[in-house]
Amino acid sequence: MGSSSDKKRKSAEDTTPQIKKKKIDSEKSSKSPKFINVGAVKKPQYAPPVVAATSGLALSSSIQFQAYATPADKTSKRKKNGAPAQELLLHSANHRTMDYTAREDRTGDSSDPYLKHYIGIFNPKTAEVEIVEARKTVLRGTVRSQKAVDEAMEEKTQKQQMMAMRNELGEAFGTKKAKKAIRDVTENAITSQKVGQSELVMMDAIKTATKDMSTKEDLQAAVDNARPVPRGNFDADEIADVYVPSQIIGSEVLNAIPVMDWQESVKNLEDIQVPSRFVAKRVSNVASSDDAVHRLRVLRYLLFVIIFWNATSQGRERGTRSIGRRDKLREVMAPAPEIVIENIRRKFSDGGVMRKTHVDLLMTHCCAFAAIIDGFKVNTIDLREDLKLEQKQLNQYFIEIGARVKQQKVADKMENFAVLQLPLQFPKIRLPARKR
């Protein structure tokens, strides 16, 4: 048994140097030759080799390119300088999402037009190196999906331009039915489009941002509340309950207005001299009517307001009015009590100055009091003379309190009447016109 194992070990040891000898022989045979011959420079017969700068791209070795040659301009300097007369282009569409294009680098033509690139090809059998002229190119990549979207957008833009031109012609020369159809298509265009996920997200964001935005009704209500008009109950069922003097003036101030002297003068058929055409023409009729005391107090408060307005002068700032001193107001507004004078001063001025808001508020109060005195249908000529306004201005103040201004023939003459009736018609918000 021992002799047989020794024989086996001997045979294994005998085979080992033979394997080493074979390796040494193969290494000797694969050694490079001591001398390499460099052949002459050759021009490629077919497609030339290419030296490509990838410009940061990680290009797979499996990408295959198609070569294209474009004839260069005959008058170009490259042909005179000995450069190739054809421009080389390589293109590959093997990648799933990328298109690769390699173009010749022409940036160095002006700096060094004689610069050329060469590639050495070594042949181990003949121990020779062939020098072949190569083309320098720059490789760039383009995302194919993005390119497709751009092309689709260009087609869509052309269609939209054609449609816009047709719509403009239809708006200019079309019939009413055609114009209405064009407007309907424009307003409902968003419903006919396919809304993507990004558009849905954007619409949700817009909806969230605009959910607390004021509607047209809210804006109209805000304008109505900020309008310089007397305090009124605009939800009333009767026109007499809209502008109530006790609420506008105040019960305490209204009850403090003296009217006994007017009642005595009317009773004795005496003339009442007042600096107001409107009041002078109506004091007798009001004093002999039902609820004469209440209506006379409203009429006299209107007289005090007109006197207060006529006592003002041009202010220092543009568009303002300056009111007189208290002693002067007491003199011109006599026999008005102090509480009435202070009520008018505070209501229609601030710091002795009447600004546009105060002026508008005073004018609308006068219009409301005049409507109450005349049974909610006022001939505006007398009030226009008292307030020294143009007819257009006075009409606008009546419109501000909700009245309708109409023209009516009186004694062969057209005169303006302001009618206050339910429902009141206040000026509406004017939205900007839609641009074509």
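Residues take their numbers from the sequence shown, with the count starting at 1.
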Do [X] and [Y] have side chains that approach each other closer than 4.5 Å (heavy atoms only, starting at C-beta)?
X: Ser265; Y: Val283; answer: no
X: Phe308; Y: Met354; answer: yes
X: Ile344; Y: Tyr301; answer: yes
X: Asp99; Y: His95; answer: no

Ionic contact status for [Y] with [X], cut-off 4.0 Å:
X: Glu342; Y: Arg326; answer: yes
X: Arg135; Y: Glu104; answer: yes
X: Glu415; Y: Lys409; answer: no
X: Asp261; Y: Arg300; answer: yes

Hey, what do you get for [atom1] ([X]) to [atom2] ([Y]), rounding to the nearest 0.5 Å?
X: Arg277; Y: Arg384; atom1: CZ; atom2: CZ; result: 8.5 Å
X: His294; Y: Leu254; atom1: NE2; atom2: CG; result: 6.0 Å
X: Lys388; Y: Gln393; atom1: NZ; atom2: CD; result: 14.0 Å

Checklist entry - Pick from Ile372, Ile373, Val259, Val274: which one makes a side chain to side chain contact (heavy atoms under 4.5 Å, CB included) with Leu299? => result Ile373
Next on the checklist: With a 3.5 Å distance limit and no angle check, can you tell me whether Ser251 reaches the backbone of Gln247 through a side-chain donor-acceptor pair?
Outcome noted: no
Within the 3.5 Å criterion, strictly below it, is a donor on [X] or [Y] matched to an acceptor on the partner's side chain?
X: Ser349; Y: His358; result: no
X: Gln391; Y: Asn395; result: yes
X: Ser276; Y: Asp386; result: yes

Checklist entry - Could you go step by step and tell me if Val51 and Thr137 meet the side chain to side chain contact (heavy atoms under 4.5 Å, CB included) rule? => result CA-CA 6 Å; Val51 178; Thr137 60; over 6 Å; no
Checklist entry - Taking the six-membered ring for Trp, are Phe234 and Tyr243 parallel (under 30°), tilted (30 to 60°) or perpendicular (over 60°)? => result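 Rings of Phe234 and Tyr243: perpendicular, as their planes differ by over 60°.
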Next on the checklist: Check whether Phe278 forms a cation-pi arrangement with Arg282 (NZ or CZ under 6.0 Å from the six-membered ring centre, at most 45° off the ring normal).
Outcome noted: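 Output yes; distance and angle both within limits.
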Item to check | Cation over ring face, Arg321 and Trp309, 6.0 Å, 45° | outcome: yes
